[in-house]
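Please read the structure below before turning to the comments.
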Amino acid sequence: MLKANIYVTLKDGVLDPQGEAVKKSLKVLDYGQVNQVRIGKFIEVWLEGKDQAAALKELEEMSDKLLANPVIEDYRVEIVEVY
Amino acid sequence: MKFGVVIFPGSNCDRDCYHVIKEVMKKPVEYIWHKENSVAAFDALILPGGFSYGDYLRTGAIARFSPLMSAVMDFAQAGGLVIGICNGFQILLEAGLLPGAMLRNSSLKFICQPVFLKTQRNDTPFTNKFKSGQVLKIPVAHGEGNYYCDPRTLQKMKDKGQILFSYCSAEGEDTMEYNPNGSLANIAGIMNEKGNVLGMMPHPERCSEEILGGRDGFNIFASMINWLEGVGE
């Protein structure tokens, strides 16, 4: 079995209202040094198999189809464990 | 002529749409469960509002892969009339039947209020009963209606006249001041290039009868019927 971490982030230039709200809140908490906050998604996937190259290809396909929306998001896939 | 109202798990405006077509427009209408795989019996499809699949992952992202959606996509590509309202619009975006994507409202608040819309064109299957530039008062109810697309796509949509409704003042002034959710170019509703698929965030089915405080939504359905009967354009 394999475990992968998938990081889904908003593309540059896409506004992030949540990140803006969190930034403001951090400022209120006196973290004045914070310039920008962007919020994305962290997805963990466990899947059958040992072949890392094949799994990576599948995970990228899953990300393109469903896990990320290519209009607004980028993603990065990492295989982090092989059982 | 028969309308179909698609039901996804979590749709909650399906009955309102069905009611408007059946009782107000007096036209045949049937529900279509998302597990079915044909829309052959229908002339127009309504993808209603709601929270399909609990808005998990992204609004519309999971519903877009419902078995029925491949039939909806074939139907749309063949020129069939499809209107997606609110969550239905979000599903059409995720399915790629319309360009762009939805972001969280810039205020981060769920907004539920009447808004004014400017009708940008009146030569389409969805707006042929309106006057050009007509201002409509139709309610919105969404947390993710902040429309986004890249600048090239926006320009292309402007050039092709795909923006059908934009948020505006009661007088029809469509400036940022009257934009409830941060939507790019005040976009409230867009069509595909061919002009047979409309996605809009406001809910015309919630204002098609006087008893509901207004009937500005009525003519969207009436336009579709007009078009299907070969009267429009």
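Everything quoted here is computed from the prediction, not taken from an experiment. Keep in mind that the numbers below use all heavy atoms, side chains included, and drop hydrogens, waters and symmetry copies. Lettering follows sequence order; numbering is per chain, from 1.
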May I ask you to check whether over 12 heavy atoms, not counting those of B:Tyr56, lie within 6.0 Å of atom OH? no
Point-to-point distance, once rounded to the nearest 0.5 Å, from CD1 of A:Ile72 to OH of B:Tyr148: 9.0 Å
Report, as yes or no, whether the 6.0 Å neighbourhood of atom NZ on A:Lys11 holds more than 12 heavy atoms from other residues, nucleotides or ligands. yes
Exercise: identify the closest heavy-atom pair between A:Asn69 and B:Ala101: ND2-CB, 3.7 Å
May I ask you to check whether over 12 heavy atoms, not counting those of B:Lys109, lie within 6.0 Å of atom NZ? no
Per-residue tally against chain A (heavy atom, under 4.5 Å) across B:Asp150, B:Leu93, B:Ile62, B:Leu57 peaks at B:Leu57
Using every non-hydrogen atom in the two residues, find where B:Ser106 and A:Pro17 come nearest and quote the distance to one decimal. O-CB, 3.8 Å
Under 3.5 Å, is there a donor-acceptor pair between the side chain of B:Arg58 and the main chain of A:Leu67? yes
Atom CD of A:Glu48 with >12 non-hydrogen neighbours under 6.0 angstrom: no
More than 12 foreign heavy atoms under 6.0 Å from NZ of A:Lys27: is that the case here? yes
Point-to-point distance, once rounded to the nearest 0.5 Å, from CG of A:Asp16 to CG of B:Leu103: 8.5 Å
Give a yes or no on whether A:Tyr31 atom OH has more than 12 heavy-atom contacts from other residues, nucleotides or ligands under 6.0 Å away. no
Can you say whether A:Gln18 sits under 4.5 Å from chain B via the side chain, the backbone, both, or neither, judging by heavy atoms? both
How close do B:Leu108 and A:Ala21 get, heavy atom to heavy atom, and via which atoms? CD1-CB, 3.2 Å
